[in-house]
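Computed from a prediction, not measured in an experiment: that's the story for all the values here. Proteins get letters first, then strands, A, B, ... in listed order; numbering begins at 1 in each.
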Number of protein chains: 2
Amino acid sequence: MRADAVRNRERIVELARALFREKGYDAVSMDEVAKAAEVGVGTLYRHFPTKEALYDAALQAWVETVTEAVEKALAAEGSARDRLLSWFDTYVEFLTRHKGAAWRITSALGDEGSPFAAKCRTYLNANQRIIDTLASEGAMRADVDAMQLCRLVGGVAAVVDNSELDAEAARSMLAVVADGVLAS
Amino acid sequence: MRADAVRNRERIVELARALFREKGYDAVSMDEVAKAAEVGVGTLYRHFPTKEALYDAALQAWVETVTEAVEKALAAEGSARDRLLSWFDTYVEFLTRHKGAAWRITSALGDEGSPFAAKCRTYLNANQRIIDTLASEGAMRADVDAMQLCRLVGGVAAVVDNSELDAEAARSMLAVVADGVLAS
DNA sequence: TTGCTAAACGGAGACACCCTCCGTATCGTT
DNA sequence: AACGATACGGAGGGTGTCTCCGTTTAGCAA
């Protein structure tokens, strides 16, 4: 790729991330991103085939930190329930960091053709890691799988994001999910 | 209202319901509804100020049966868990009957200004009725409220609807929620 | 440096969507 | 039958995503 193209691509992603994060997916138009990045819309569409692909690129950076977040949640002190809740908290925080992202990503679970497929895999692996670890301690119900967990917590995250609920409201819903998946 | 206006209104709602149900909210345009009902778009907008208001009207008929569904779920035989799951099943089935409705209605929870506010109240009351009944048997955790339950089950319904999950996948997620809200 | 070609750019405009506006047609009452 | 209030239709305004193509520019070779 030519040097000017690389520069433009990077600037577009950066500006788009700021806009999406601030205003949410729907409230940002491609014209707006183009204007902010000082390029034509044509340039946007050469780098990113659709608006969703651009969104995907804008979300890339923070998704890459999810693996380390899993390990951190697992390494913490406390009961299995505490560590699970800590992970749920982190997970929801990640998903709601950009307005509208939680629902879009959770919707894409199981859809290989989605622009978010790679992100979904990352999240599925993260949740699988949690399940494996807690299951080896005998703390998880046997019939819980990563997809289910992603969907349950993603659903909560989507609602929290959409209704702009505070951390406490989120936590009380996550507690329900946690109690439901832990061995009783 | 004039007789022709009444006829048109009814025909619009009926045709719109069929279209929305089949294709989902986003995939149906107002032009399409107008054409199906053989009226101009202007007529649509005289009867319904926005597309969402039309959607709300299209969903009205089946929402009205929700109260009786609650009583039926509560009257059934079985443990508190069985009856709760039976209600969850019904609730999700209601919300997913029209593609896209689950997320739109669940999103509107707590937003008094939404066109779906009346539906939200109906659902909140239904869930409150469930909570009250099961709590009087000592089967519910004390800190669960109707809004929380609506959001949890609505979140599951939205995911089920969006990913077109089968009844069994829905049930396994609902079981998690049920176990999380029942007294342990 | 200069010339050349492939790559990248910009933005006009096609198309789809929601919704408004207003001239025309119809209902129902007098 | 005449007339006023009510309802109708669809052209078109505004905004969005995305495409197309004439123009510009980067980077290499002579």
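- For A/Ser29, taking side-chain heavy atoms from C-beta onward, the closest of the listed nucleotides D/dT17, C/dC17, D/dC18 is D/dT17.
- The CG-C1' distance, from B/Leu44 to C/dC21, rounds to 16 Å in whole Å.
- Side-chain proximity of B/Val41 to the nucleotides D/dG10, D/dT17, D/dC8 is greatest for D/dG10.
- Atom-to-atom, CZ of A/Arg46 to P of D/dC21 comes out at 14 Å; the value is rounded to the nearest Å.
- Taking atom OH of residue A/Tyr55 and atom C1' of nucleotide D/dC18, one finds them 20 Å apart after rounding to whole Å.
- A sub-4.0 Å separation between OP1 or OP2 of D/dC8 and a side-chain N or O of B/Asn8 is present.
- Among A/Arg17, A/Lys119, A/Lys51, the one residue that satisfies the salt bridge (charged side-chain N to carboxylate O under 4.0 Å, His left out) test with A/Asp56 is A/Lys119.
- Distance from the side chain of B/Tyr45 is smallest for C/dT20 among the nucleotides C/dC9, C/dT20, D/dC18.
- Residue-to-nucleotide proximity on DNA chain C shows that, of A/Gly40 and B/Met30, the 5′-proximal contact is made by A/Gly40.
- Across the protein-nucleic acid pair, A/Leu54 atom CG and D/dC18 atom C1' stand 13 Å apart, rounded to whole Å.
- In this structure, A/Asp179 and A/Arg81 have side chains that are in contact, with non-hydrogen atoms separated by less than 4.5 Å.
- Within the 4.0 angstrom heavy-atom criterion, only backbone atoms of the sugar-phosphate kind lie near B/Glu38; the bases stay farther away.
- With respect to B/Asp26 and B/Lys99, no salt bridge is recorded, no charged nitrogen being found less than 4.0 Å from a carboxylate O.
- Residue A/Val28 is in sugar-phosphate contact alone, with no base atom involved, counting any heavy-atom pair closer than 4.0 Å across all strands shown.
- Toward the 5' end of DNA chain C, the nearer of the two residues B/Asp31 and B/Met1, judged by each one's closest nucleotide, is B/Asp31.
- Nucleic acid contact for B/Ala34: none, since no nucleic acid atom lies under 4.0 Å from a heavy atom of the residue.
- Tested against B/Arg83 for a salt bridge (charged side-chain N to carboxylate O under 4.0 Å, His left out), the candidates B/Glu137, B/Glu71, B/Glu77 yield a single pass: B/Glu137.
- One N or O donor and one acceptor, one from the side chain of A/Arg2 and one from the base of C/dA7, sit under 3.5 Å apart.
- The cationic group of B/Arg104 lies under 6.0 Å from the six-membered ring centre of B/Tyr25 and within 45° of the ring axis, placing it in a cation-pi geometry.
- The separation between A/Arg9 atom CZ and C/dC9 atom P is 11 Å, rounded to whole Å.
- Protein atom NE2 of A/His47 is 15 Å distant from nucleotide atom P of D/dT19, rounded to whole Å.
- Looking at the side chain of A/Thr43, the nearest of the listed nucleotides C/dG10, C/dC18, D/dA7 is C/dG10.
- If you measure from atom CD of B/Glu32 to atom P of C/dC17, you get 8 Å, rounded to the nearest angstrom.
- Atom CZ in A/Phe48 sits roughly 11 Å away from atom P in C/dC9 (whole-Å rounding).
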